[in-house]
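Below you'll find the structure, written out as structure tokens, and then a few comments.
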Amino acid sequence: MVELLPSILSADFAHLAEEVFAAERGGGTVIHVDVMDGHFVPNITLGPPVVKCLRKATKLPLDCHLMIEEPDEYIAAFADAGADWVSVHYEACRHLHRSLALIGEHGMKPGVVINPATRVNLLKEILPMVHHVLVMSVNPGFGGQSFIEFSLDKIKQLVELRRELGLAFRIEVDGGVAHETVKRIVQAGAELLVAGNAVFGGGRPEEDARALLAAARQAAGEPPVKY
Ligand code: DX5
Ligand code: ZN
């Protein structure tokens, strides 16, 4: 089943809880939280204190996308703050196997993220460890960028690899998910759709989330959600 993961990166941080509630009413089922350190990516956002506040505000799972160096040093803090899913970048982990194991040991669902220029095949050995694979379809760091088309091939490759290996990890896509792209993304096989600008950019998160999810479900051949 396709799910919409509103990315709070494009939300109004001064009214974060209201923005999250609106996206939830529009059908968002997991909240995507972008953590940036100004080193791994050229932007700085937020960390465990904000995750802790979000945890109190919503019951939805919090999907923390760590765009940071030395992620192992912060796994415990995200667990304490109440994160549910934590994903680390292939490109940021010196010992990816250890990082994924650490996330699991802290009771969270481990995910691995690959940048646009990183090949899917590099993940083969660690795929049995992950709950989700996040395919970046823009270079991480900013919301509102254009979808990189070759990401569709990477999603298809992952679907194939999952079948070949008999695994059940979920395929998440992040960057440039919008009305113009969502149909092809879903048809390629992605099921967890992160959207920042398309949900929060227009100032109508509830309506825009609802419309985007409806388009995604239609592309997946799933019945429309009843409100
Ligand atoms: C980018 C972040 C994304 C971002 C996506 O580095 O990882 O989660 O919010 O933004 P949109 O949906 O605006 O492309
Ligand atoms: Zn993200």
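All ligand and atom numbering here is 1-based and tracks the order in the structure. When reading the values below, keep in mind they use all heavy atoms of this one structure, side chains included, and skip hydrogens, waters and symmetry mates. Just so you know, residue 1 is the first one in the sequence shown, and it goes up from there.
Scored by the side-chain contact (heavy atoms from CB on, under 4.5 Å) test, E91 finds F40, H89, I114, N115, T118 as partners (sequence neighbours excluded). R204 pairs by the salt bridge (Lys or Arg N to Asp or Glu O under 4.0 Å) definition with nothing, not counting sequence neighbours.
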task: Could you walk me through whether T58 and E24 pass the side chain to side chain contact (heavy atoms under 4.5 Å, CB included) test, one step at a time?
output: CA-CA 9 Å; T58 178; E24 184 172 348; 3.4 Å; yes
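No side-chain N or O of D63 forms a donor-acceptor pair with one of H65 less than 3.5 Å apart. Donor-acceptor pairing under 3.5 Å is lacking for the side chains of N197 and S10. No side-chain N or O of D174 forms a donor-acceptor pair with one of S7 less than 3.5 Å apart.
Under the side chain to side chain contact (heavy atoms under 4.5 Å, CB included) test applied with L66, the options I75, V113, V33 reduce to a single match, I75. Applying the side chain to side chain contact (heavy atoms under 4.5 Å, CB included) test between P61 and each of L5, I31, T29, D84 identifies D84 as the sole match.
Protein residues with a heavy atom under 4.0 Å from ligand 1 are S7, L9, H32, D34, M36, H65, M67, M136, P140, G141, F142, G143, G144, D174, G175, G176, V194, A195, G196, N197.
Dense packing is recorded around CZ of F142, with more than 12 heavy atoms of other residues, nucleotides or ligands lying under 6.0 Å away.
Excluding waters, the protein N/O/S atoms found under 2.8 Å from the Zn ion (ligand 2) are H32 NE2, D34 OD1, H65 ND1, D174 OD2.
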